[in-house]
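Here the structure comes first, spelled out in structure tokens, and everything after it is commentary.
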Amino acid sequence: MSQLKTRLANYGFDYSRFRFGTRTGIAACLALLLAWSFGLEHPQWAAMTVWGVSQPTRGLLFEKAGYRSLGTLIGTSIGICIVMLAGDAVLLKGLGLTLWVVLCVYGANLLHGLISYGAVLAGYSASMVVLLSRTPDALLPLGLDRLFTVLLGVVTALVVGWLFTYKRAEQTLVNKIRRQTAETLRTIARAYEQGSIDKIPLHDQITNLAHLETQLADHGAGSPSAHLSAKLLRRLLNAQLGLLAQLETSSVQHRDDLADALRETAQAFTDNEVKPIRQCLQRTQELITDSTLKLEFQEFCEAIEDRIQFRESGTTARSQNRFSVLLHRDWRGAQQAAIRTLAVMALISFAWFYTGWMQLAYLLLGASVMLTLFSTMENPAKTMYYVFLGQAAGAIVALTIQAFIWPHLTTMLAMLLVLMPVILVAGFPLSHNRTAPGAMDFNLVFLLLMQPALHYHFEPVTAVGIAIAVVAAPLLAMASFKLLFPTNLRSRQRHVLRSLERELEELEARRLTAQQLKRYRARFYHRLFKLYQMADKLGFNDKLTAARYLIRVQQQLNTYQ
């Protein structure tokens with residue numbers, strides 16, 4: 001097995017992604033056959049759902065399946081309501097759908113994790129119903145078909161995924177955070193040993209904490225226990241950031257006794273024995289009473305104790321309301337994404353109404369997906385380039401089968417069997433470094449365009465027009481992401497900086513209760529983590545910016561102590 005992995009790696013293939021892609025392809029084929037056997041009109045939607053839901057770990061698979069089901073149910077219901085209210089009025093349907101998708105994209109940009117994905121699904125599930133229904137009489141059957149095919153795809157992905165994916169790798173991240181905690185304590189010990197923070201890589205340690213924070217969303221997926229675990233780990237990371245920030249902004253005195261105690265505590269974390277950890281923390285806390293880190297170390301000890309209690313019993317003795325892990329919400333980015341979506345989809349709706357071209361309905365469908373699903377990414381315009389390539393390849397393969405193979409087949413089963421080799425080989429482009437960014441979009445567009453029907457007759461103008469409309473969507477989205485409120489990592493950094501400035505002004509202008517201060521601190525620390533994550537990708541000057549805001553935030557918080 002190791003030789004196979006090495007050989008694949010030499011050619012640019014990743015074995016884990018290959019395994020995931022092959023397993024997902026098999027599940028997609030199974031869902032395709034099951035949907036056909038149950039008499040569903042769009043069996044390819046079940047296969048599309050498998051590709052959309054499947055995840056490499058069980059926790060992510062379970063939670064994403066739940067949000068996809070809920071998002072589809074809500075979106076389908078809204079889509080039916082829009083068509084019932086609008087009737088045959090193209091403009092009313094287009095604008096009604098636009099308003100719903102705008103609401104969904106606004107929510108998706110404010111939310112975090114897979115609940116954001118659920119909001120996206122609610123948006124373009126409505127699009128599938130509104131834009132693919134031909135007559136009002138077919139509306140309810142189409143909506144039910146959409147719902148049942150998605151649910152069938154979800155169940156298939158869950159069963160196959162549960163059997164063949166790895167269990168949620170919870171302990172891997174926990175061990176990383178435990179080792180980083182020990183390193184944080186050793187860093188503080190060095191500061192007390194030399195009596196200053198000169199030549200001590202505090203900001204490198206903060207960058208490490210920031211990268212661990214990005215993994216908490218996946219860690220917290222799958223169950224209430226996992227969510228609580230992620231919440232406790234985030235609080236522990238925040239406590240370490242507070243210690244390092246206070247160390248950066250305060251004078252440090254030479255103290256060998258405290259340095260030795262901190263190193264003993266770090267070793268206890270490395271050994272991962274609960275009793276020594278508690279003993280060392282208590283001894284260190286007694287020595288640190290006259291230090292500027294007293295309050296931050298107390299918060300650190302409380303976070304560790306809650307984590308230990310969770311490890312021992314699966315819960316904590318403290319009320320969960322006692323600690324706060326508020327997250328940064330990009331209100332400005334959400335507003336810009338909503339306005340961008342409104343402008344593009346309304347423009348397409350008016351063009352559809354004016355020209356009467358049926359292909360524009362597919363362009364509107366594609367735009368609703370592109371403008372919602374990718375609006376939360378760091379650089380959506382760059383992503384659209386790879387999406388376009390993947391979708392163009394998928395459309396070419398779909399048109400080839402429609403033109404040269406399907407017209408010669410006489411049964412639905414034969415038409416579906418022709419799709420399976422394409423689905424099954426998708427694991428190869430998904431696992432290669434160069435083709436992976438567009439591989440998923442290849443699969444989704446290929447399946448979207450492959451609507452089987454008995455006595456199939458290929459109509460070149462219609463088929464090519466629909467394919468062009470679908471593939472044009474990422475190009476239109478790319479242009480909108482570049483021209484309408486240009487969105488990239490730099491712009492997202494500016495949004496975080498504006499949020500920090502606004503809250504620093506609020507903090508200076510008002511007096512806060514202890515609970516309010518905890519909430520501000522939690523949100524400040526999450527935004528600082530965001531800055532450090534971005535700075536690691538943007539460059540040296542941005543690392544200086546993150547460090548400067550770290551000092552400003554901590555100094556402002558210190559005025560309340």
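Note that these values count all heavy atoms, side chains included, but never hydrogens, waters or copies made by symmetry.
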Does OH in Y354 sit with more than 12 non-hydrogen atoms of other residues, nucleotides or ligands closer than 6.0 Å? no
Tell me whether E41 contacts the main-chain N or O of W36 through its side chain, where contact means a donor paired with an acceptor under 3.5 Å. no
Among side-chain atoms of E63 and H227, is any donor-acceptor pair under 3.5 angstrom? yes
Sub-3.5 Å donor-acceptor pair from the side chain of S116 to the main-chain atoms of A108, do we have one? yes
Between R307 and S229, a side-chain donor and acceptor under 3.5 Å: yes
Gap separating the CG atom of L419 from the CD1 atom of I401, nearest 0.5 angstrom: 6.0 Å
Side chains of L97 and S368 in contact at under 4.5 Å (non-hydrogen atoms): no
Provide the closest heavy-atom pair for V101 versus T341 in the form atom of the first, atom of the second, distance. CG1-CG2, 3.9 Å
NE2/H455: more than 12 non-hydrogen atoms of other groups inside 6.0 Å: no
Within a strict 4.5 Å, meaning less than it, do heavy atoms of the F148 and D145 side chains meet? no
Ignoring hydrogens and angles, state whether a donor on the side chain of S125 or R146 is under 3.5 Å from an acceptor on the partner side chain. yes
Any chance you could measure T372, atom OG1, to Y117, atom OH, to the nearest 0.5 Å? 10.5 Å
In terms of relative ring orientation, are H328 and H526 parallel, tilted or perpendicular, with 30° and 60° separating the classes? tilted
Show the numbers, then the answer: is there a side chain to side chain contact (heavy atoms under 4.5 Å, CB included) between Y532 and L209? CA-CA 9 Å; Y532 274 88; L209 293 172; over 6 Å; no
Heavy-atom closest pair (T435 atom, F428 atom, distance to 0.1 Å) is OG1-O, 4.4 Å
Are D536 and H211 close enough that a side-chain donor and a side-chain acceptor fall under 3.5 Å? yes
May I ask you to decide whether K530 forms a salt bridge with E213, counting only side-chain N to carboxylate O separations under 4.0 Å? no
Let me confirm one number: the CG-CE distance from L347 to M345, rounded to the nearest 0.5 Å. 11.5 Å
Side chains of W331 and L110: does their closest heavy-atom pair fall under 4.5 Å? yes
Test item: W406 side-chain N/O and M415 main-chain N/O as donor-acceptor pair under 3.5 Å: yes
Short side-chain donor-acceptor distance under 3.5 Å, Q493 and R490: yes
Between the side chain of K482 and the main-chain N/O of K382, is any donor-acceptor distance below 3.5 Å? no
Step by step, would you call T487 with R340 a side-chain hydrogen bond (donor to acceptor under 3.5 Å, both in side chains)? CA-CA 11 Å; T487 302; R340 181 192 303 117; 2.6 Å; yes
Is any side-chain heavy atom of S54 less than 4.5 Å from a side-chain heavy atom of F20? yes
Could you pull out the closest heavy-atom pair between A31 and G153, with the gap in Å? CB-CA, 4.5 Å
Near F62 CZ, under 6.0 Å, is it more than 12 heavy atoms from other residues, nucleotides or ligands? no
Any side-chain heavy-atom pair from Q44 and P452 closer than 4.5 angstrom? yes
From the list L85, I78, I80, side chain to side chain contact (heavy atoms under 4.5 Å, CB included) with I82 holds only for I78
In terms of side-chain heavy atoms, does R17 have a donor or acceptor partner in N433 at a distance below 3.5 Å? yes
Taking atom types as modelled and ignoring hydrogens, do the side chains of S375 and N109 form a donor-acceptor contact shorter than 3.5 angstrom? yes
Rounded to the nearest 0.5 Å, how far apart are CE of M377 and CZ of R492? 10.0 Å
How about OH on Y385, more than 12 heavy atoms from neighbouring residues, nucleotides or ligands closer than 6.0 Å, or not? no
Gap separating the CG atom of L447 from the CG atom of L32, nearest 0.5 angstrom: 7.5 Å
Please evaluate residues L364 and S349 with respect to the criterion side chain to side chain contact (heavy atoms under 4.5 Å, CB included), reporting the C-alpha separation (whole Å), side-chain torsions for both, the decisive distance (0.1 Å), and the verdict. CA-CA 7 Å; L364 187 59; S349 297; 3.8 Å; yes
So how far is it from L30 CG to I423 CD1, rounded to the nearest 0.5 Å? 11.0 Å
Is there a side chain to side chain contact (heavy atoms under 4.5 Å, CB included) between F442 and L430? Walk through the geometry before answering. CA-CA 10 Å; F442 169 89; L430 194 66; over 6 Å; no
Taking it one step at a time, do Y456 and L409 satisfy side chain to side chain contact (heavy atoms under 4.5 Å, CB included)? CA-CA 8 Å; Y456 182 82; L409 302 178; over 6 Å; no
Is it the case that more than 12 heavy atoms not belonging to F485 sit under 6.0 Å from its CZ atom? yes
Quick one: are H457 and P407 in side-chain contact, heavy atoms under 4.5 Å? no
L365 and S127: which non-hydrogen atoms are nearest, and at how many Å? CD1-CB, 3.6 Å
Taking the side chain as everything from C-beta on, heavy atoms only, tell me whether L131 gets closer than 4.5 Å to Y362. no
Specify the closest pair of heavy atoms between A381 and M478, including all atoms of both residues, with the distance to one decimal. O-CG, 3.7 Å
Write down the atom of A467, the atom of L449, and the distance for their closest heavy-atom approach. CB-CD1, 4.2 Å
Under a 4.5 Å cut-off applied to non-hydrogen side-chain atoms, are I26 and L424 in contact? yes
